[in-house]
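A quick write-up on the structure given underneath.
Quick note: numbers below take in every heavy atom, side chains included, and nothing from hydrogens, waters or symmetry partners.
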Amino acid sequence: MGEYNEKKDTCGTICLKYLLFTFNFFFWLAGLAVMAVGIWTLIQKSDYISLLPSSTYAATAYILVIAGVIVMVTGILGCCATFKERKSLLKVYFILLLCIFILEILAGILAYIYYQQLNAELKQSLKQTMTIKYKQPGEEKVTRAVDKLQQEFKCCGSNNSQDWRDSVWINSPESEKRLVPDSCCKTVTERCGHRDHPSNIYKVEGGCITKLETFIRSHLLVIGAVGIGIACVQLFGMIFTCCLYKSLKSEPY
């Protein structure tokens with residue numbers, strides 16, 4: 001009867017090992033995806049980050065990158081711990097899973113909080129950023145971001161093209177009597193900002209604040225969903241790890 005129970009336990013352990021190995025393979029792929037989302041946000045959309053007054057948006061992306069790297073390392077460690085049946089490695093693996101779980105939940109919470117605050121934050125700061133920092137010494141990143149924003153989203157100014165009347169640069173000799181930056185033009189040419197007629201600039205299409213808010217909100221939803229989604233999957237990994245650890249502990253040496 002004792003021999004039957006020993007075989008039964010060994011069979012259960014083998015099943016757990018393969019379950020955990022399969023989980024770790026998909027977990028490693030998920031880590032790659034998480035890291036890719038974070039890097040894509042930081043590289044492809046880095047210009048727009050300079051237009052935001054707080055660093056919360058960038059912080060959520062950095063957390064995902066860090067979590068993704070740890071996930072990939074943890075996935076490899078999990079495979080080693082599973083096949084070597086080392087309880088000490090399983091402990092380390094479980095602790096790493098817990099750390100990643102906390103990081104990804106944190107990224108999801110930050111994304112949700114910033115999602116709620118974004119409208120008020122942009123209303124307070126975007127116009128000021130565009131009118132005060134555009135084309136000013138040391139503000140090249142902001143200048144590039146504003147030009148890219150207006151061309152990519154086909155808009156002019158924060159709320160509308162009239163915002164540029166308060167611009168430090170527009171009211172300086174360096175603007176060469178432009179009424180708006182050249183990036184407001186539908187077809188960008190040198191000094192095209194001298195004319196602010198709707199046929200020449202994005203005047204009736206509205207300001208950039210709504211379009212930038214929609215864009216960032218959509219990315220925050222992706223970041224939050226990825227963070228929370230992977231964190232939920234990790235719960236199964238922690239459960240499998242605990243079960244395997246308990247199974248190994250009860251096996252005869």
* To do: Look at the side-chain heavy atoms of Ile, Leu, Val, Met, Phe, Trp and Tyr, link any pair under 4.5 Å apart, and say whether L212 and I132 land in one connected group.
  => no
Practice prompt. Group every Ile, Leu, Val, Met, Phe, Trp and Tyr by side-chain heavy-atom contacts under 4.5 Å, then state whether L220 and L126 land in the same group.
Written response: yes
Side-chain (Q151) to main-chain (C185) donor-acceptor, under 3.5 angstrom: yes
Value for NZ (K133) from CG (L51), rounded to nearest 0.5 Å, stands at 9.0 Å
- [ ] Answer yes when E176 and K135 have at least one side-chain N-carboxylate O distance shorter than 4.0 Å, and no when they do not.
- [x] no
Hits for side-chain hydrogen bond (donor to acceptor under 3.5 Å, both in side chains) against Y93, two or more places apart or cross-chain, chain-then-number order -> N24
Q. Is E205 salt-bridged to K186, going by a charged N under 4.0 Å from an acidic O?
A. yes
M130 and W164 have their tightest heavy-atom pair at O-CZ3, 3.4 Å
Applying side-chain hydrogen bond (donor to acceptor under 3.5 Å, both in side chains) to E174 and not counting sequence neighbours gives S172
Heavy atoms of S183 and V188 approach each other most closely as CA-CG2, 4.3 Å
Evaluate the criterion side chain to side chain contact (heavy atoms under 4.5 Å, CB included) for residue pair D182 and T189; output intermediate values, then yes/no. CA-CA 7 Å; D182 292 343; T189 56; over 6 Å; no
dist I209:CD1 -> T214:OG1 (nearest 0.5 Å) comes out at 10.5 Å
When you measure from the side chain of K211 to the backbone of F153, do you find a donor-acceptor pair of N or O atoms at a distance under 3.5 Å? yes
Distance col, row C99:SG vs I70:CD1, nearest 0.5 angstrom, shows 7.0 Å
* Asked: Same hydrophobic cluster for I76 and F26, using side-chain heavy-atom links shorter than 4.5 Å among ILVMFWY?
  -> yes
ring-ring contact (aromatic ring centres under 6.0 Å, His included) filter on W169, not counting sequence neighbours, yields Y134
query: Tell me, do L110 and Y114 make a side-chain contact under 4.5 Å, heavy atoms counted?
result: no
Is I102 linked to V65 within one hydrophobic cluster, defined over Ile, Leu, Val, Met, Phe, Trp and Tyr using a side-chain heavy-atom separation of less than 4.5 Å?
yes
task: Report yes if the side chains of T131 and V168 come closer than 4.5 Å at any heavy-atom pair, otherwise no.
output: no
Would Q150 and C208 count as a side chain to side chain contact (heavy atoms under 4.5 Å, CB included) here? Give the steps.
CA-CA 7 Å; Q150 295 189 141; C208 299; 3.9 Å; yes
_Quick one, L52 with L122, criterion side chain to side chain contact (heavy atoms under 4.5 Å, CB included). Give me CA distance, side-chain angles, the key distance, then yes/no._
CA-CA 7 Å; L52 304 175; L122 284 177; 3.7 Å; yes
Show the numbers, then the answer: is there a side-chain hydrogen bond (donor to acceptor under 3.5 Å, both in side chains) between E152 and Y48? CA-CA 11 Å; E152 191 169 312; Y48 296 146; 3.2 Å; yes
Looking only at heavy atoms, the pair that brings S161 and K203 closest together is OG-CG, 3.6 Å
Legend entry - Side chains of T187 and C192 in contact at under 4.5 Å (non-hydrogen atoms): no
Are R217 and E213 close enough for a salt bridge, meaning some N to O gap below 4.0 Å? yes
Hits for side-chain hydrogen bond (donor to acceptor under 3.5 Å, both in side chains) against Q116, two or more places apart or cross-chain, chain-then-number order -> none
The ring-ring contact (aromatic ring centres under 6.0 Å, His included) partners of F94 (sequence neighbours excluded) come to none
Salt bridge (charged side-chain N to carboxylate O under 4.0 Å, His left out) pairs touching residues 155-166, sequence neighbours excluded, are K127-D163, K127-D166
In short, R195 meets N200 closest at the heavy-atom pair O-ND2, 2.8 Å
Got M72 and L32 here, is their nearest side-chain heavy-atom distance under 4.5 Å?
-> yes
Original post:
Could you go step by step and tell me if L179 and I170 meet the side chain to side chain contact (heavy atoms under 4.5 Å, CB included) rule?
Top reply: CA-CA 7 Å; L179 299 175; I170 288 292; 6.0 Å; no
Common cluster, I100/L235, ILVMFWY with side-chain heavy-atom separation under 4.5 Å | yes
- Message: When you measure from the SG of C156 to the SG of C184, is the result less than 2.5 Å?
- Response: yes
Q136 and T143 have their tightest heavy-atom pair at N-OG1, 4.4 Å
Taken to the nearest 0.5 Å, the spacing of F101 CZ from L96 CG works out to 15.0 Å
